[in-house]
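Taking it in order: structure first as structure tokens, then the write-up.
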Amino acid sequence: MAEIVLSNVQKFFGAVQVIRDLNLTIADREFVVLLGPSGCGKTTTLRAIAGLEDISSGEIRIDGKPVQDLEASERDIAFVFQLYALYPHLTVFENIAFPLRAAGEGKADVDRQVRVVASALDITHLLQKRPSALSGGDMQRVAIGRALVRRPKAILMDEPIGALDAKLREDMRSELKRLHIENKATSVYVTHDQVEAMSLADRIVVMSEGVLQQVGTPIEVYQNPANLFVAQFIGSPVMNIAAAKVETEGGAARLRVGDAGEAFAMPADLPARIAASGRGGEGISLGIRPEGVVVARQPMEGTVPLEAHIIEPLGAYDIVDLKVGSGVLRARTASGFVQKAGDTVFARLDAAQTHFFDTKSGQSLAIRLGG
Ligand code: ATP
């Protein structure tokens, strides 16, 4: 079991800085997912924890012990790569047994431990096969088995299911979660897939261009994104972001989105909340997920008439693009609720689901309104 602490970690490749001042504490037995777009430094961070990559400055401690001067093999950490890297000439049994044999364990112990891991991964029936006879999902199970069999302090995984098809990825996600619960090894997992991150993580670490953007539980990063990057990276379809201006009219607050003619009704305390965040009413971006744009067929208190532009039927629900001035707000509606492009519907914004950001810095103003 292991706590992993990164303090002020910097990493340069030549003149290019790929990790900037990274501070992160991963608790013993926690499942942490490093999430971000390609090239943001996730893999480099993982390899630095494993000891496969030196850091330029800062410190990495595992269970309180600085590990920079330890070789990868001395860190008691297992690594699972996207490509399974199995020994093709060995059976599944021998592939899983390999780290135990390398550590000089006796035959009976090897046999017992391989069978425990194989049973947990549901691959006992494959033990005598060679990797070439396995499907992609089973090969990855074997690779994970080989990583788990030594019962390492921590297990690091770099896009381990990225190469599998969608159905298998879903199956493997639930399996990885179950294995983590059973094994209780501290787990650090790299992916660029936000759905995978949301479903697996105790906490998600969102990274962009080598900079940690936010750390939080899946619900925290979804409901309270710290900045525009996180707001738009987490959630599908992405959160609507639009320039917005807060107005008051006879004591009532309204929100004008982009250059739209009509403004949306908002709770009366919004202007005071914006002022308290140190902002005037301008230079602000509204963020609202499609489920926060509520659509009705008839005008109601606080709704604005909008024309439907494109309707995307997704089976369980539709995503409808609504024209707001020269821009678009995407709404999530019941399947078939808006019948055709060109129809006018009446929309309001669910205040409890609004987010406000400083357009220039991208930082959230951390205003949460009541419903
Ligand atoms: P991906 O999902 O594409 O692997 P990532 O977020 O894991 O992306 P890294 O692999 O950590 O990103 O790479 C971060 C940056 O460092 C990239 O710009 C990459 O090109 C660069 N980089 C990675 N390894 C090296 C290396 N050995 N030498 C030089 N540059 C490197």
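Ligands are counted one by one from 1 in listed order, and the atoms in each one are counted from 1 as well. Here the structure is a predicted model, which is why all the values come from computation and not from measurement. Only heavy atoms go into these numbers, but all of them, side chains included; no hydrogens, no water, no symmetry mates.
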Inset, instruction - Tell me, please, whether Y222 has R289 positioned over its six-membered ring: NZ or CZ under 6.0 Å from the ring centre and within 45 degrees of its axis? - result: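 Pair R289/Y222 counts as cation-pi.
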Legend entry - Test item: M198 and I234 side chains (from C-beta on) under 4.5 Å apart, heavy atoms: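 Sidechains of I234 and M198: in contact.
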Inset, instruction - Anything with a heavy atom under 4.0 Å from ligand 1 counts, so go ahead and list those protein residues by chain and number. - result: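 Answer by chain and number: F13, V18, P37, S38, G39, C40, G41, K42, T43, T44, E159.
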Exercise: identify the closest heavy-atom pair between [X] and [Y]:
X    : Y    : answer
T344 : P305 : CG2-CB, 4.0 Å
F357 : S364 : CD2-CA, 3.5 Å
G36  : F233 : C-CZ, 3.6 Å

Inset, instruction - Determine the interplanar angle of the Y87 and F98 rings, folded into 0 to 90°, and report it as parallel if under 30°, tilted if 30 to 60°, perpendicular if over 60°. - result: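 Ring orientation, 0 to 90° scale: tilted.
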